[in-house]
J.: 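Before we start, here is the structure in question, set down as structure tokens.
The analysis underlying the following values was restricted to heavy atoms, covering all of them including side chains, and did not include hydrogens, waters or symmetry mates. Here, residue 1 is the first one in the sequence, and each next residue gets the next number.
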Amino acid sequence: MSQEIPTIQIIDAKKYVGQTVKIGAWLRQKRGSGKIAFLQLRDGTAFFQGVVAKADVPESVFDVVKSLKQETSLYVVGEIHEDERSSFGYEIAISDVEIIGESHDYPITPKEHGTEFLFDERHLYLRHLKPFATLKIRNTLIAATYEFFNERGFTKLDSPLLTGSAPEGTTELFETDYFGEPAFLSQTGQLYAEAGAMAFGKVFTFGPTFRAEKSKTRRHLTEFWMVEPEMAFMHQEESLEIQEAYIAFLIAKVLERNEQELDILERDKDLLRSYTELPYPRVSYDDAIKLLQDNGFDVAWGVDFGSPEETFLANHFAKPVFIVNFPKAIKAFYMKRHATRDDVVISADLLAPEGYGEIIGGSERDTDYDYLKERIAAEGLNQDEYEWYLDLRKYGSVPHSGFGLGLERMVTFVTGEEHIREAIPFPRMTNRLRP
Ligand code: 4AD
């Protein structure tokens with residue numbers, strides 16, 4: 001193959017119309033007749049079609065093309081053309097092909113496959129259209145998260161994954177042996193983020209978190225990624241403003257950078273755009289209960305919301321909605337007491353519309369040493385493990401607030417995917433540890 005031919009990526013095809021280029025790609029599918037072959041190609045940047053006309057290439061090249069199997073890797077050489085019939089807009093008229101890696105009996109054929117099968121083959125399924133689009137959007141959300149918090153003066157603080165504490169409750173812990181003593185896989189980086197906020201003012205942690213959730217739902221993973229900002233000298237209302245600005249920023253960045261992927265997933269872009277309009281409604285837990293009761297839900301004050309309740313509430317407002325000030329009894333020990341009521345705490349959950357559920361949970365943190373010590377004991381937590389955390393209330397304690405965004409919940413919301421397993425490269429669920 002000639003030296004002067006530029007090697008390009010499919011995504012850049014539009015810059016090379018009328019030129020001969022070389023592309024390293026994989027063959028997704030092939031169809032055609034004895035005279036012409038259509039090769040569906042992908043290279044990790046985009047998907048497009050290669051056309052090989054028998055009359056235009058040496059017979060040896062057409063013979064190679066005829067022999068190609070699904071997922072063979074190859075170099076193709078050819079001229080880029082506009083192609084108005086395809087959604088991508090361009091194709092390559094292939095003049096030469098070089099096989100790089102053979103492929104035989106690729107298991108994911110163009111026919112319909114069951115979900116369990118596809119996730120057993122997840123290491124290969126990643127190559128296909130839907131996972132490609134979903135995980136590209138995940139990547140944008142990750143990049144945009146760093147942009148958002150860096151632009152606002154936050155410091156990224158890494159929290160440990162092996163811990164001795166169980167801030168979100170002791171029922172969902174993965175325990176492991178740490179040189180003879182028990183350790184837990186982190187449920188949240190929050191307590192460490194609070195220490196960080198007292199050192200750096202505004203911080204965020206971002207990493208994997210683990211919950212031994214027995215619940216088999218389309219919204220629960222046992223390993224998921226959480227973004228946890230924590231801000232010193234900040235009350236809850238200002239934290240809510242950051243939360244909604246963050247969500248709107250993430251959606252705007254995906255609309256800006258992932259048009260191709262949103263089209264692959266057939267996500268309604270106008271609807272997504274409507275979620276960038278702020279503010280989001282703030283509804284008290286009390287009012288939410290009333291609203292649910294008035295609409296036929298059998299719920300009493302004090303219960304946590306299930307999926308039908310969350311779906312109803314967010315759909316009712318047709319945008320993400322904050323439910324604020326939950327009952328103390330169903331929330332974590334660190335949440336700040338309400339100024340005038342003993343039964344609720346200064347907390348907020350952000351519920352996404354269209355049935356995507358809770359995407360953010362957060363609160364103002366209580367600052368009182370004795371109260372927190374009492375709450376830790378009342379929750380049955382091991383007090384020794386929280387001594388360092390209580391130190392934060394002894395040495396220059398300040399009002400502070402924070403929240404946690406579940407990355408995979410956000411991915412499902414933005415992409416419109418039905419199930420959270422699609423939102424992470426290799427999902428971990430009660431029934432899945434492999435591949
Ligand atoms: O509401 P959660 O449990 O809050 C915390 O962990 C706090 N420490 C956060 C903080 O204030 N710093 O979880 C926060 C978010 C949820 O809103 C949800 O999006 C996600 O994490 N999440 C899960 N995502 C997938 N699978 C699970 N099992 C999840 N559990 C929570």
Side-chain angles (χ1 to χ4, degrees), residues 1-103 106 108 110 124 126-140 143-144 253-267 269:
M1 288 185 181
S2 160
Q3 287 295 308
E4 296 112 64
I5 297 173
T7 301
I8 71 158
Q9 296 186 307
I10 295 176
I11 194 85
D12 296 324
K14 59 176 165 298
K15 298 181 208 152
Y16 293 88
V17 174
Q19 290 188 50
T20 296
V21 300
K22 179 177 170 179
I23 297 177
W26 288 264
L27 178 70
R28 297 174 55 222
Q29 277 178 47
K30 185 181 76 179
R31 61 185 177 81
S33 64
K35 291 195 180 123
I36 192 158
F38 298 98
L39 309 184
Q40 304 306 323
L41 302 170
R42 62 172 187 86
D43 73 342
T45 67
F47 300 79
F48 83 157
Q49 173 169 280
V51 187
V52 198
K54 186 173 183 184
D56 298 342
V57 298
E59 205 172 321
S60 59
V61 171
F62 204 73
D63 286 344
V64 171
V65 168
K66 277 198 300 193
S67 77
L68 293 176
K69 300 274 191 313
Q70 191 183 357
E71 288 306 313
T72 298
S73 52
L74 30 96
Y75 277 119
V76 295
V77 172
E79 194 177 300
I80 301 291
H81 293 289
E82 284 193 51
D83 172 23
E84 274 153 21
R85 289 154 306 172
S86 83
S87 60
F88 182 67
Y90 303 89
E91 64 176 23
I92 182 166
I94 293 173
S95 51
D96 199 3
V97 172
E98 181 192 345
I99 292 179
I100 303 301
E102 303 263 3
S103 168
Y106 184 73
I108 309 176
L124 302 175
L126 288 178
R127 304 173 180 205
H128 292 245
L129 264 180
K130 213 167 80 154
F132 172 86
T134 307
L135 296 175
K136 279 283 192 186
I137 289 173
R138 175 186 171 102
N139 188 55
T140 298
K253 290 297 164 192
V254 170
L255 284 166
E256 190 182 306
R257 297 174 190 170
N258 295 103
E259 205 183 340
Q260 171 191 224
E261 288 77 19
L262 290 169
D263 287 342
I264 289 172
L265 296 167
E266 297 176 9
R267 186 68 169 126
K269 285 181 285 215

J.: Once rounded to the nearest 0.5 Å, what's the spacing between atom CG of L39 and atom CG of L68?
T.: 6.5 Å
J.: Partners of E256 by salt bridge (Lys or Arg N to Asp or Glu O under 4.0 Å), sequence neighbours excluded?
T.: K253
J.: As a test of understanding, state which of Q29, E91, R85 forms a side chain to side chain donor-acceptor pair (under 3.5 Å) with Q49.
T.: E91
J.: Between S103 and Q70, which heavy-atom pair has the shortest distance, and what is it?
T.: OG-O, 2.6 Å
J.: Could you grab the distance from atom NZ of K69 to atom CD1 of I99, nearest 0.5 Å is fine?
T.: 9.0 Å
J.: According to side chain to side chain contact (heavy atoms under 4.5 Å, CB included), who are the partners of L124, at least two apart in sequence or on a separate chain?
T.: Y106, P107, I108, E121, R127
J.: List for me each residue that meets salt bridge (Lys or Arg N to Asp or Glu O under 4.0 Å) alongside K14, sequence neighbours excluded, and say none if there are none.
T.: none
J.: Check this for me: K54, atom NZ, are more than 12 non-hydrogen atoms of other residues, nucleotides or ligands nearer than 6.0 Å?
T.: no
J.: Salt bridge or not between K269 and D263? Use side-chain N to carboxylate O under 4.0 Å.
T.: yes
J.: Verify, without hydrogens or angle tests, whether D43 (side chain) and Q9 (backbone) share a donor-acceptor contact under 3.5 angstrom.
T.: no
J.: Between V65 and A37, what is the shortest heavy-atom contact and its length?
T.: CG1-CB, 3.7 Å
J.: After noting the C-alpha distance and the side-chain angles of L265 and K130, does the key distance pass the side chain to side chain contact (heavy atoms under 4.5 Å, CB included) rule?
T.: CA-CA 7 Å; L265 296 167; K130 213 167 80 154; 3.5 Å; yes
J.: Test F47 against every option in F88, F132, Y90, W26 by the ring pair (Phe, Tyr, Trp, His ring centres under 6.0 Å) rule and name the one that passes.
T.: F132
J.: Considering all heavy atoms of both residues, which atom of K22 and which atom of I5 are nearest to each other, and what is their separation?
T.: N-CG2, 3.5 Å
J.: Would you call I137 and L262 a side-chain contact if the rule is heavy atoms closer than 4.5 Å?
T.: yes
J.: Quick one: CD1 on I94 to CG on D56, what's the gap to the nearest 0.5 Å?
T.: 12.0 Å
J.: What are the two closest heavy atoms between S95 and P58, and how far apart are they?
T.: O-CD, 4.4 Å
J.: Tell me whether Q19 at atom CD has more than 12 heavy atoms from other residues, nucleotides or ligands lying less than 6.0 Å away.
T.: yes
J.: Counting C-beta onward and ignoring hydrogens, is there a side-chain heavy-atom pair between I23 and I8 closer than 4.5 Å?
T.: yes
J.: For G89 and S86, which heavy atoms make the closest approach, and how far apart are they?
T.: N-OG, 2.9 Å
J.: Roughly how far apart are R42 CZ and F48 CZ, rounded to 0.5 Å?
T.: 13.5 Å
J.: Do Q260 and I11 touch side chain to side chain, with heavy atoms closer than 4.5 Å?
T.: yes
J.: Rounded to the nearest 0.5 Å, what separation is found between the CG atom of L41 and the CG atom of L27?
T.: 6.5 Å
J.: Are the side chain of S73 and the backbone N or O of I100 linked by a donor-acceptor pair below 3.5 Å?
T.: no
J.: Can you tell me how far the CG atom of L126 sits from the CG atom of L135, to the nearest 0.5 Å?
T.: 6.5 Å
